Amino acid sequence: MSEATMQNQTVTAVIGGTGLTRLEGLVLDEDRVIETPYGAPSSPLHLGHYAGHPVVFLARHGQDHRFAPHQVNYRANIWALHHLGIRRVVAVAAVGGIHPALGPAQLAVPDQIIDYTWGRAHTFSEEGRVLHADCTEPYDGALRAALIRATAAAGVEALSQGVYAVTQGPRLETAAEVRKLRAEGCDMVGMTAMPEAALARELDLAYATLAVSVNWAAGLGPEGSDIHGDIVASLERGMDKVRRVLRVVLGEA
Ligand code: HPA
């Protein structure tokens, strides 16, 4: 894919999270290694075509899942996509379900975020260039709508809104923390939506998340259930649905 393609068409990028380290069906043109003012992105950017449309794929945690959520170089990832001319970013994220409809392998297109992370490099602001990104609506409305339409077209049930709580990780939450998150209005809990969404907003990228629950959040599963067991059992089932939705949304890009 040439730079001209990037500039003249709306190229969609997919940031894959846990369980989605490659994009099946992507006809690869090139792996592009990009250096940024913030260091290296998590992995080379995979430039290619998907159902005839130009698509770029980036594995958020690195190809071999080497970066924990607090170690991901979010600034380098988002800067590199912007530098390539990307204007639309679909972020795939595994989460723990808090909302009753978000059991393992269920999808959601969240519309809000509460950031509980700390100490992450979270802005492109610097002395002399102060950015106050408007995050009232942290996700792009048109891209969310496209994702919601795609879930319907793919015949995949999905919650069409919800509040994504971003915790620091990498440990999972305590049951009391999840009760608090629920009381504060959170519907799902993951570890990566911030600062990713805010950085995308700072650079004016249209950004939306396709969340896949891979477990009940701590303390909400049935008696005797274990979170890691749930994740192993549901990750592939959930990602299979994600791939079906991506096929639609990327195919019509
Ligand atoms: N908590 C936080 N992040 C997660 C979870 C969870 O239960 N499951 C997958 N990512």
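In each ligand, atom 1 is the first atom listed, and ligand 1 is the first ligand listed. Residues: numbered from 1 along the sequence shown. These numbers come from a predicted model, not from an experiment.
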### Task
Would you please name every residue forming a side chain to side chain donor-acceptor pair (under 3.5 Å) with Arg120, sequence neighbours left out?
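If we apply the side chain to side chain donor-acceptor pair (under 3.5 Å) test to Arg120, skipping adjacent residues, the hits are Tyr74, Gln168.
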### Query
Residues two or more places apart in sequence or in another chain: which of them pass side chain to side chain donor-acceptor pair (under 3.5 Å) with Thr167?
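Counting only residues at least two positions away or on another chain, Thr167 forms a side chain to side chain donor-acceptor pair (under 3.5 Å) with Glu173.
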Show the short N or O contacts, below 3.5 Å, that ligand 1 makes with protein N or O atoms; if there are none, say 'none'.
residue  : atom   : partner : partner atom : Å
ligand 1 : 1 (N)  : Glu173  : OE1          : 2.7
ligand 1 : 1 (N)  : Glu173  : OE2          : 3.4
ligand 1 : 3 (N)  : Val189  : O            : 3.4
ligand 1 : 7 (O)  : Asn215  : ND2          : 3.0
ligand 1 : 8 (N)  : Gly96   : N            : 3.3
ligand 1 : 8 (N)  : Asn215  : OD1          : 2.7
ligand 1 : 10 (N) : Ala94   : O            : 3.3

#### Entry: Cationic N near anionic O, under 4.0 Å, Glu177 to Arg182
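Salt bridge between Glu177 and Arg182, a charged N being under 4.0 Å from a carboxylate O: no.
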Tell me which donor-acceptor pairs under 3.5 Å the side chains of residues 183-190 have, and how far apart each pair is, sequence neighbours excluded?
residue : atom : partner : partner atom : Å
Glu184  : OE1  : Tyr116  : OH           : 2.5
Asp187  : OD2  : Val163  : N            : 2.7

### Task
Please check if any side-chain donor atom of Arg88 sits under 3.5 Å from a side-chain acceptor atom of Thr12, or the reverse.
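Distance-only check passes for Arg88 and Thr12.
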### Query
Is the His46 ring parallel, tilted or perpendicular to the Phe57 ring (thresholds 30°, 60°)?
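Judged by the thresholds at 30° and 60°, the geometry between His46 and Phe57 is parallel.
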